[in-house]
Amino acid sequence: RPQNFLLVEKSSEFCRRFSSKLPPASLIFAFINKTTVVADMAPSTSDPDGDVTDLWVFGYGSLTWNTCFAYTSRVVGSVPGFSRRFWQANTVHRGTPDKPGRVATLVPDEKAVTWGVAYQLKGHNQVTRALQHLTIREGALGGYTTEVTRFIPADPSLPPCDVLVYLSTDENPSYLGPSTEQETAVAIAAAVGRCGYNAQYLFKLSHFMRSSVPMVTDDYLFTLEAMVRDLLGQERAKELENAQTVADELALTYRSDLDSVPVPCRYEYFPCRTECHRIEVRPASESG
């Protein structure tokens, strides 16, 4: 196992330097010695040493159901000024280099809002561990960059807040740009990666919308879902929808304790493997 520690001052720098060097099939080990990823990005609370101790992160794709990090509170709501589109290629979690999957990104749209979940991270440990995980998962492997935007909770009694969000731009080679719903549906129906079938990602996101914000109709998302179900056949689509994936098991593992999460090697990120049948959890002290 690699023993070197990676000092990361900004997530964008990490992605730029390491995303092309991370082999998709490998286990990726990272230890971020001092996390200042959000120091210049988001309004947040810091301790006297300058370490961020209170931060909100917004999820609108797999983060709505599969966080894999500890958090203090979870609030459903929306970010105005963006549309969710499946215009981001994925060759690790939901696809392969030969057959890329399609996952969600945010596209600027003044008249739109995108619904998802904001997670509050409180304390040095929660902030550091979450950003260590997201820097690799969303940055190096997912191909996303970061931006700060305004979050509006669905519960009107809760105040709006600024959130850190991961999204793609046209400068990213994984960003595919506009495509028809039919083209996107065909790609989703055919793709599978180490976290499971691409269709499962779509179905879980649709389920989140229907169960968490039933008053909202996401025409783009639900049309795409219907197209993929037709391409797969209703019986196969139902089978995939009901199947538990390795990503589900990881989500349950990471949520078991909000303060001291029993993660598989605390500072390591394990890309999901569809062939795995169990998760081996090791104490953080055994981490490389």
Side-chain angles (χ1 to χ4, degrees), residues 14-30 59-66 68 84-105 133-145 166-206 221 224-225 227-233 236-237 239-251 264 268-279:
F14 180 93
C15 299
R16 183 169 59 252
R17 290 179 57 196
F18 294 102
S19 59
S20 62
K21 300 178 182 179
L22 294 173
S26 67
L27 285 166
I28 297 171
F29 298 85
Y60 56 90
S62 63
L63 285 176
T64 60
W65 76 85
N66 181 27
C68 282
R84 176 171 37 217
R85 292 292 182 265
F86 279 67
W87 293 352
Q88 176 80 352
N90 187 278
T91 60
V92 178
H93 302 106
R94 299 291 174 175
T96 64
D98 293 334
K99 194 172 290 185
R102 300 287 187 96
V103 292
T105 187
H133 174 78
L134 291 169
T135 295
I136 301 178
R137 169 179 168 174
E138 303 295 337
L141 293 179
Y144 294 92
T145 187
Y166 289 79
L167 48 74
S168 189
T169 69
D170 55 12
E171 297 178 357
N172 190 308
S174 295
Y175 179 70
L176 301 174
S179 60
T180 67
E181 291 166 4
Q182 181 63 31
E183 291 172 336
T184 304
V186 168
I188 291 174
V192 60
R194 268 174 268 151
C195 282
Y197 289 88
N198 201 179
Q200 291 172 314
Y201 174 103
L202 173 63
F203 296 161
K204 288 178 184 294
L205 187 51
S206 298
L221 180 66
L224 200 57
E225 178 194 23
M227 288 181 170
V228 171
R229 288 184 183 277
D230 286 342
L231 289 168
L232 291 172
R236 176 58 173 162
E239 179 184 345
L240 291 180
E241 185 177 27
N242 294 331
Q244 187 179 45
T245 66
V246 171
D248 297 327
E249 296 177 23
L250 278 170
E268 300 166 3
Y269 179 80
F270 284 72
C272 305
R273 292 186 178 83
T274 54
E275 70 271 16
C276 283
H277 298 288
R278 67 188 182 88
I279 309 264

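Separating the CD atom in Gln182 from the OG1 atom in Thr180 is a distance of 6.5 Å, to the nearest 0.5 Å. Taken from CG in Leu167 to OH in Tyr175, the straight-line distance is 10.0 Å, to the nearest 0.5 Å. Separating the NZ atom in Lys204 from the CD atom in Glu225 is a distance of 12.5 Å, to the nearest 0.5 Å. With rounding to the nearest 0.5 Å, the separation of CD in Glu138 from CG in Leu63 is 5.0 Å. One distance of note links OG1 of Thr96 with CG of Asn90; it measures 10.0 Å at 0.5 Å rounding.
Taking all atoms of both residues into account, the shortest heavy-atom contact from Ala191 to Gly101 is CB-CA, 3.6 Å. Summarising the geometry of Trp65 relative to Leu205, their closest heavy-atom pair is CZ3-N, 3.8 Å, with the distance given to 0.1 Å. Contact between Thr105 and Ser168 at its shortest, heavy atoms only, is OG1-N, 2.9 Å. Heavy atoms only, all atoms of each residue included: Ile188 and Phe86 are closest at CD1-CD2, 3.7 Å. Nearest heavy atom pair, residue Ala190 against residue Lys99, reads O-CD, 3.2 Å. The shortest non-hydrogen separation linking Thr184 to Ser179 is OG1-OG, 2.9 Å.
A 4.5 Å side-chain heavy-atom check between Asn66 and Arg137 finds at least one atom pair inside the cut-off. The closest side-chain heavy-atom distance from Arg229 to Phe203 is below 4.5 Å. Proximity of Asn198 to Val192: side-chain heavy atoms (C-beta onward) are nowhere separated by under 4.5 Å.
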Original post:
Is there a side-chain contact (heavy atoms from CB on, under 4.5 Å) between Leu221 and Leu202 once you walk through the steps?
Top reply: CA-CA 8 Å; Leu221 180 66; Leu202 173 63; 3.6 Å; yes
Subject >> Residue pair Tyr197, Leu232: steps toward the side-chain contact (heavy atoms from CB on, under 4.5 Å) verdict >> reply: CA-CA 12 Å; Tyr197 289 88; Leu232 291 172; over 6 Å; no
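Scored by the side-chain hydrogen bond (donor to acceptor under 3.5 Å, both in side chains) test, Arg84 finds Asp218 as partners (sequence neighbours excluded). Annotation: side chain to side chain contact (heavy atoms under 4.5 Å, CB included) contacts of Ala187 (sequence neighbours excluded): Arg102. Applying the side chain to side chain contact (heavy atoms under 4.5 Å, CB included) criterion to Ser174, with sequence neighbours excluded, gives Gln88, Asn172.
Looking only at distances, a side-chain donor or acceptor of Arg94 sits under 3.5 Å from a matching main-chain atom of Cys195. Judged by distance alone, the side chain of Tyr60 and the main-chain N or O of Tyr166 form a donor-acceptor pair under 3.5 Å.
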